[in-house]
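A quick write-up on the structure given underneath.
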Protein chains: 2
Amino acid sequence: MSEFNEHKQCGGKNIEKVAQIGAMMPVEEEIYDIAELFKVLGDQTRVKILFSLIRDEMCVCDIAELLEMTQSAISHQLRVLKQARLVKYRREGKTVYYSVSDEHVATILSMGMEHITE
Amino acid sequence: MSEFNEHKQCGGKNIEKVAQIGAMMPVEEEIYDIAELFKVLGDQTRVKILFSLIRDEMCVCDIAELLEMTQSAISHQLRVLKQARLVKYRREGKTVYYSVSDEHVATILSMGMEHITE
DNA sequence: CTTTCATATGAATGGTTGTTCATGTGTTTA
DNA sequence: TAAACACATGAACAACCATTCATATGAAAG
């Protein structure tokens, strides 16, 4: 029990436990992808954009007006969200309408909302 | 002199829609907190730590050994996770054991895992 | 008390990132 | 055709961040 859990210069005797938990760890690529996903969600502007698009699709300049930011800044962030497959778009003439890629996005955001309100 | 009204046609047509969606937006403080939460989750090292602690509590040097990183780096990241209330700790002599603060953490991580595997 | 061990922390640094500015692309209209 | 419009994009810059290094707590053992 505890006599096999003693430390010796930081890391001598918990080899079993470390190996066991290490075996359950997702592979490096999955870790990378998950961190990248949350990194994309870790920005106020992008969170605001997603909360907007959850309600209804919107064109770029309407998002810019809503968030009181430049069209360029919004466009840059939409690119990041698009690359993370969090939003999709459709073209209608000069206008491009963005929307969340699926209902999964709303779920993740509401999980975040739940965590901060407790 | 609104620099946000540069796009005349687009901004003019959708005033109602913009106002409507703006009214449904979470307040600034909630947006900030949600973005901060995801920012904490947006790092490979912290994701690995959380995936480890989901299985069982662990002391700092075991985490360092598992992830093949220095004790200092792990300690710094545990501080970030602790401030975000994602992990808790208990002291036992010289050793400090960390664990996830609640089962909510596993839910958020599995949501991320779901999104990247499609 | 002194030493050793586990962990915490401050400072420095190299790398990353969000916004701005200027410009480019593609579409519609005059 | 040319002009106007909606959006995209490259470069630059300041702000931020994760790790390293050195050092500081704090607890148990000698």
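All chains are named by letter (A, B, ...) in the order of the sequence lines, taking the proteins before the strands, and each is independently numbered beginning at 1.
Atom pair A:Leu81:CG and C:dG18:P shows a separation of 10 Å (rounding to whole Å applied). If you measure from atom OH of B:Tyr89 to atom C1' of D:dG26, you get 13 Å, rounded to the nearest angstrom. A straight line from NZ of A:Lys82 to C1' of D:dT9 spans 11 Å, rounded to a whole angstrom. Between B:Glu65 atom CD and C:dA6 atom P there is a gap of 11 Å when expressed in whole angstrom units. Taking atom CZ of residue A:Arg90 and atom P of nucleotide D:dA6, one finds them 16 Å apart after rounding to whole Å. Rounded to an integer number of Å, the gap from A:Tyr97 OH to D:dA8 P is 13 Å. Taking atom CE of A:Met69 as the reference point, atom P of C:dT20 lies 6 Å away to the nearest angstrom. Residue B:Gln77 contributes atom CD, which lies 15 Å from atom C1' of C:dT7 at whole-angstrom precision.
Donor-acceptor pairing under 3.5 Å, judged by distance alone, is present between the side chain of B:Ser72 and the base of C:dT9. Contact annotation: side chain of B:Gln71 to base of C:dA8, donor-acceptor pair present below 3.5 Å.
Rounding to the nearest 0.5 angstrom, the gap separating the NE2 atom in B:His76 from the OG1 atom in B:Thr45 is 12.5 Å.
In the set D:dC7, C:dA6, C:dT9, the nucleotide with an atom closest to the side chain of B:Lys94 is C:dA6.
Between A:Tyr98 and A:Tyr89, the ring-plane angle classifies as tilted under the 30° and 60° cut-offs.
Within residues 27-51 of chain A, the residues approached by DNA chain C to less than 4.0 Å at the level of any non-hydrogen atom are A:Lys39, A:Asp43, A:Thr45, A:Arg46, in residue-number order.
When heavy atoms are screened at a 4.0 angstrom cut-off, B:Tyr98 is found touching the sugar-phosphate backbone but no base atom.
For C:dA8, the OP1/OP2 oxygens have no side-chain nitrogen or oxygen of B:Arg79 closer than 4.0 Å. The shortest distance between the side-chain N/O atoms of A:Thr95 and the OP1/OP2 oxygens of D:dA6 is not below 4.0 Å. Put simply, A:Ser75 has no side-chain N or O that comes within less than 4.0 Å of OP1 or OP2 on D:dC7.
Surrounding CD of B:Gln83 are more than 12 heavy atoms belonging to other residues, nucleotides or ligands, all under 6.0 Å away. Atom CD of A:Glu118 has more than 12 heavy atoms from other residues, nucleotides or ligands within 6.0 Å.
Annotation: side chain of B:Thr70 is not in contact with side chain of B:Ile74 (no heavy-atom distance under 4.5 Å). Between A:Leu41 and B:Ile34 there is no side-chain heavy-atom pair separated by less than 4.5 Å.
Across the interface with DNA chain C, nearest-nucleotide mapping of A:Arg91 and A:Ala73 shows A:Ala73 to be the residue nearer the 5′ end.
The ring of A:His76 lies on top of the base of D:dT9, close enough and flat enough: under 5.5 Å between centres, under 30° between planes.
Using a 4.0 Å cut-off between charged side-chain N and carboxylate O, A:Glu57 and B:Lys17 make no salt bridge.
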